[in-house]
Number of protein chains: 2
Amino acid sequence: MVRSLCDTNPCMTHTTCEVSLPCCADGGSLSSVKAPQVSGVRVQLEMHALWQQFDQLGTEMIVTKAGRRMFPTFQVQISGMDPTAEYVLLMDFISVDNTRYRYAFHSSSWLVAGRADVVAPSRMHFHPDSPAHGAQWMKQTVSFDTLKLTNNLLDDNGHMILNSMHRYQPRFHVVYVDPAPSSSHLNAHRNFCSFSFPETRFMAVTAYQNHRITQLKIACNPYAKGFRTTDPQDR
Amino acid sequence: MVRSLCDTNPCMTHTTCEVSLPCCADGGSLSSVKAPQVSGVRVQLEMHALWQQFDQLGTEMIVTKAGRRMFPTFQVQISGMDPTAEYVLLMDFISVDNTRYRYAFHSSSWLVAGRADVVAPSRMHFHPDSPAHGAQWMKQTVSFDTLKLTNNLLDDNGHMILNSMHRYQPRFHVVYVDPAPSSSHLNAHRNFCSFSFPETRFMAVTAYQNHRITQLKIACNPYAKGFRTTDPQDR
DNA sequence: TACTTGACACCTAGGTGGAAAGGT
DNA sequence: ACCTTTCCACCTAGGTGTCAAGTA
């Protein structure tokens, strides 16, 4: 099931929508003329049911100084690429709002705690297999399992820097590597398309707040098997 | 210290020598005209002292059905590449002679046991980072630590297929990826150079024969630490 | 009070040679 | 007799949440 379209209409529904790269954002009129290598690209989120299960509780992702993996892992199945063209795949994380949150244990809900802190340096995470041909990307699931989240503003390990107690939306970008170097700058806005899956939004935290999130992580993440007690809800 | 030269003279000394790719072997007159992207490439074997220590005892490498890593690992430091040119790095293993061996425990030596068995299918192992630019290859040691050896003639995991009780010489190849596709076939012999380090020769075995090799492996390979007794020769 | 850090036990994943069994 | 295969305990390497302590 294709869950994302590579068009430029700001999408307000709760399914999927396309967003522009910050550096290339325009009114939408220019970016609607996409290069044929990206215009047909379709992206499907893997482990969709698991993401939804977390999203319904309010997904939290741990950030640490050393860097922490995401769970669930962001994985996609891609189709519609030019098999012979070369692509770079990358991710970034954008702030969902300008808000700092706090968790109210008594009501088990997130409350606004003020304006967002100073914005962390925005980074791009290139998929380590980049660049590769369309055929390579499409033949199996593309996984960002090595991506790590950190709250260390001075991180020099290339991890994604996020502010704890802030909400983020992961974004996925497909960039066509134009073999003509002269045109690649002029047509940069034509050579990529971006995808956001609202069910992958999450709150960055240094320790889990919602106990039901903790339990779901323990139940589903194989590395947390040591904390399982009853109800072996494996895989 | 540069230990290998990219020339075409068959080298009979015990230091280093260049060998041609089997498919491109010629009299030597043609291949002496190398493309500038490979003519200056120099390769230095890492862990040279360790390799020599094993070589003096007669290096053995385990082969298994599932595939076994090499120890020591084949690692090289490269210089002299064109930083902006693209290269593919690969390895293969050639039979040192046409002989099958057996080990005489009483004399602790290898004896000829007849003609070589039917030759195993020859494979190339591409370094997983291939292709990459010269600058990338040169900036740090290139390691073939994921390469595995197998004695399974029907292996479909891409491992290197070797015959047990036969002797092999690892070879390392640097291939310049010519951006002009039409010329890459015509000039294939100009676009690569190869390196052999005699101290990396070894006997393929399914179980270690020389006990001193076993002890040296246990002493130096961190994964074999469980078998260490006295003399903590830890790295 | 509210959040962050670091040490820790407990996992997954997979690389070692040993030892016994299997094969020819 | 000689070689190969399989299972195993013991490692390395690193991903989990917990808990106590630290910070402001």
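For clarity, every value in this text was computed on a predicted model and none was experimentally measured. Here is how names work: the chains are called A, B, and so on, in the same order as the sequence lines, proteins then strands, and each is numbered from 1.
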From C-beta outward on [X], which listed nucleotide comes closest to its side chain: [options]?
{"X": "A:M165", "options": "C:dC3, D:dG17, C:dG15", "result": "C:dC3"}
{"X": "B:R102", "options": "D:dT5, D:dC3, D:dG17", "result": "D:dC3"}
{"X": "A:T214", "options": "C:dT16, D:dG17, C:dC11", "result": "D:dG17"}

Please state how far atom [atom1] in [X] lies from atom [atom2] in [N], giving the value in whole angstrom units.
{"X": "B:N210", "N": "C:dG17", "atom1": "CG", "atom2": "P", "answer": "14 Å"}
{"X": "A:D117", "N": "C:dT4", "atom1": "CG", "atom2": "C1'", "answer": "13 Å"}
{"X": "B:R100", "N": "D:dC2", "atom1": "CZ", "atom2": "C1'", "answer": "9 Å"}
{"X": "B:F144", "N": "C:dG15", "atom1": "CZ", "atom2": "C1'", "answer": "20 Å"}
{"X": "A:I62", "N": "D:dG15", "atom1": "CD1", "atom2": "P", "answer": "15 Å"}
{"X": "B:L153", "N": "D:dT5", "atom1": "CG", "atom2": "C1'", "answer": "15 Å"}
{"X": "B:M70", "N": "C:dG15", "atom1": "CE", "atom2": "P", "answer": "15 Å"}
{"X": "A:N221", "N": "C:dA13", "atom1": "CG", "atom2": "P", "answer": "10 Å"}

- Query: Where each residue is assigned the nucleotide of DNA chain D containing its nearest heavy atom, which of B:T206 and B:F227 is assigned the position nearer the 5′ end?
  - Reply: B:T206
- 5'-most contact on DNA chain D: B:P222 or B:A207, nearest heavy atom basis?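 Closer to the 5' end of DNA chain D: B:A207.
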How is [X] classified with respect to the nucleic acid when contacts are heavy atoms under 4.0 Å: base, sugar-phosphate, or nothing?
{"X": "B:R68", "answer": "base"}
{"X": "B:F71", "answer": "nothing"}
{"X": "B:S164", "answer": "sugar-phosphate"}

Is [X] near enough to [N] that one of its side-chain N or O atoms lies under 4.0 angstrom from OP1 or OP2?
{"X": "B:Y223", "N": "C:dG17", "result": "no"}
{"X": "A:N152", "N": "C:dT4", "result": "no"}
{"X": "A:Y103", "N": "C:dA2", "result": "no"}
{"X": "A:K225", "N": "D:dG17", "result": "no"}

- Message: Can you say whether a donor on the side chain of A:R228 sits under 3.5 Å from an acceptor on the base of D:dG17, or the other way round?
- Response: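 For A:R228, whose side chain was compared with the base of D:dG17, there is no donor-acceptor pair (under 3.5 Å).
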- Report yes or no: is there a donor-acceptor pair, N or O only, under 3.5 Å between the side chain of B:R69 and the base of C:dG14?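 No, the side chain and the base share no sub-3.5 Å donor-acceptor pair.
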- Message: Contact between B:K217 and B:M61 at the side-chain level, heavy atoms closer than 4.5 Å - yes or no?
- Response: yes
- Query: In terms of ring plane angle, is the pair B:F144 and B:F74 parallel, tilted or perpendicular, where the classes change at 30° and 60°?
  - Reply: perpendicular
- Message: For B:F195 and B:F197, I'd like to know if the aromatic rings sit close, meaning centre-to-centre distance below 6.0 Å.
- Response: no
- Message: Quick check: B:Y103 with B:Y101 (ring centres under 6.0 Å apart)?
- Response: no
- Query: Which atom names give the shortest non-hydrogen contact between B:M81 and B:M138, and what distance separates them?
  - Reply: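 Heavy atoms of B:M81 and B:M138 come nearest at N-SD, 3.4 Å.
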- Message: Taking atom CE as the centre, does A:M47 end up with more than 12 heavy-atom neighbours from other residues, nucleotides or ligands that are less than 6.0 angstrom away?
- Response: no
